[in-house]
Novice: 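One structure is given below, represented as structure tokens, and several questions about it will come after.
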Amino acid sequence: MIYLDNASTTKMFDECVEVHKEFSCTRFFNPSALSGESLQVSKLIADAEKFILERLGASEGNILFTGCATENNNLAISGSVRSGNWEYVFSAGEHPSVFNVARKLELQGFMVHYVPLAKNGQVDLECLASVLNDRTRLISIMHVSNETGAINDLKAISALKNAKCPRAVLHVDGVQGFMKIPFALRDTAVDLYSFSGHKFHSPKGIAGLYVKNKGALKSLFEGGGQQFGLRSGTENVSGIMQMCKAISLIDEKANFARTQAIKKIFNDTLLHAGARKFGDAVPGEKHILINDFGGSPYIENLLFQGVKGETMLHALDAVGVIVGLGSACSAKKAGNRVLEEIGMDKDDIISSVRISFNAYMTDEEVHAAAEIISKVYEDILQRVS
Ligand code: PLP
């Protein structure tokens, strides 16, 4: 099996299994209890927080450990809402765990702005500048698009926030950025940054929200008051430790370079087999078109002219190559809001699949995947035409 759906989830590192055993079967103590063992576990969670803050390049703040990035995004946005004449700003390319919260705020009568995306998939900075003002309460813009891989410029967004609405809260959904794209939060004005362990080889069910100023966030539910009262509930100690293990095994700079090399092998193999770049489509001819937005090396789109993406997905699945149709949450719905937003036409969207790599694939695997994809496409094309 060749797995090319790493933006959806990744294979957990084997090294996490031992950590799971240690913190579930041996050091299973509740970090809020008062025994010496519990205090030690509580201290390990504090160390984990410091470790992750360092890896985020943050010079201040805290990490809230949660269950998934969907929870982080809901907490970050709903926990920043205040009554009064405030405005809320979102990019039009956000994941449903942000976008649907924005829609809900709108339905509740809050003033919500959706900033359009440019053709390259990044948020349009001029449009962003035009909606920010001293009533802006929250700006929520993702780091890396899960659909296109486009990377938003967090420094430029921070500069706009500082110039136009310094009191606003800046939330960034960093799910496709953390542990993949080298950056440091201290170079930005980001207040809240969401990440999710299963996107970088940790188990599912553990995630984190960076919070620069914990006094500025309101909790969504009541409970035992763990994690500064912002996320009550017994911490997933094993998950936290496994996530730290995974982080300690990742060198994001080296992985970024390796994934660039992987993408190049993949695209060169496709081009060699007759694919074309998106802009080089030939009227009247049918090809695989490589729709690489030039952002994250981890993600790109392929457009199969004349064949539905879903048909390709199932045909590839049958021969052991797993690809995606975009975010798992939208994969079961028709169309793709984000690709539509950047101006792709409906037929092109229907013919698209999302390819997402991990840094640990071998050259041979990547090369083989591209050859199989080309062959399966040619076979289907011959059958349908
Ligand atoms: N945000 C982005 C950009 C994502 O890609 C995803 C998952 O695909 C999420 C949020 C949701 O993450 P989780 O599965 O941890 O809730």
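The structure displayed is predicted, hence computed values, not measured ones. Read the numbers this way: they start at 1 and go in the same order the structure lists the ligands and their atoms. These numbers come from the heavy atoms of this one structure, side chains and all, not from hydrogens, waters or symmetry mates.
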Novice: With a 4.0 Å cut-off on heavy atoms, is Ser97 touching ligand 1?
Specialist: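 Flag set, Ser97 near ligand 1.
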Novice: Salt-bridge test for Asp379 and Arg383: reply yes if a basic N is under 4.0 Å from a carboxylate O, no otherwise.
Specialist: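 No salt bridge links Asp379 with Arg383.
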Novice: Quick one: which ligand 1 atoms are inside 4.0 Å of a heavy atom on Met142?
Specialist: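 It comes down to these atoms of ligand 1: 3 (C).
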Novice: For ligand 1, which atoms have a heavy atom of Asn146 less than 4.0 angstrom away?
Specialist: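 That gives atoms 3 (C), 5 (O) of ligand 1.
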Novice: So is Asp173 polar-close to ligand 1, meaning N/O to N/O under 3.5 Å?
Specialist: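 N/O-N/O distance under 3.5 Å: yes.
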Novice: As an exercise, identify every atom of ligand 1 less than 4.0 angstrom from a heavy atom of His198.
Specialist: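 Here the atoms of ligand 1 in question are 13 (P), 14 (O), 15 (O).
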Novice: Closer than 4.0 angstrom, basic N to acidic O: yes or no for Arg337 and Glu340?
Specialist: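 Salt bridge absent between Arg337 and Glu340.
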Novice: Ignoring angles and geometry beyond distance, decide whether Val175 reaches within less than 3.5 Å of ligand 1 through its nitrogen or oxygen atoms.
Specialist: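 In this structure, Val175 places no N or O atom under 3.5 Å from an N or O of ligand 1.
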Novice: Determine, stepwise, if the pair Glu378 / Lys375 fulfils salt bridge (Lys or Arg N to Asp or Glu O under 4.0 Å).
Specialist: CA-CA 5 Å; Glu378 291 303 331; Lys375 168 103 183 39; over 6 Å; no
Novice: As a quick check of understanding, evaluate salt bridge (Lys or Arg N to Asp or Glu O under 4.0 Å) for Glu18 and Lys245, giving each step before the final call.
Specialist: CA-CA 10 Å; Glu18 274 311 302; Lys245 182 66 177 179; over 6 Å; no
Novice: As a quick check of understanding, evaluate ring-ring contact (aromatic ring centres under 6.0 Å, His included) for Phe183 and Tyr193, giving each step before the final call.
Specialist: CA-CA 12 Å; Phe183 70 99; Tyr193 188 94; 5.3 Å; yes
Novice: If you group Ile, Leu, Val, Met, Phe, Trp and Tyr whenever their side-chain heavy atoms sit less than 4.5 Å apart, what else falls in with Met12?
Specialist: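 Members other than Met12 - counting any ILVMFWY side chain reachable under 4.5 Å - are Val17.
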Novice: Select one of side chain, backbone, both or neither to describe which atoms of Ser196 lie under 4.0 Å from any atom of ligand 1, heavy atoms only.
Specialist: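 Just the side chain.
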Novice: Any atom of ligand 1 sitting under 4.0 Å from a heavy atom of Lys204?
Specialist: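 No, Lys204 has no heavy atom closer than 4.0 Å to ligand 1.
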Novice: Just to verify, what does Asp292 make a side chain to side chain donor-acceptor pair (under 3.5 Å) with, not counting sequence neighbours?
Specialist: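 Scan of Asp292 (side chain to side chain donor-acceptor pair (under 3.5 Å), adjacent residues dropped) gives Lys263.
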Novice: I'd like to know if Glu71 contacts ligand 1, where contact means a heavy-atom distance under 4.0 Å to any ligand atom.
Specialist: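 It does not, in that no heavy atom of Glu71 comes within the 4.0 Å cut-off of ligand 1.
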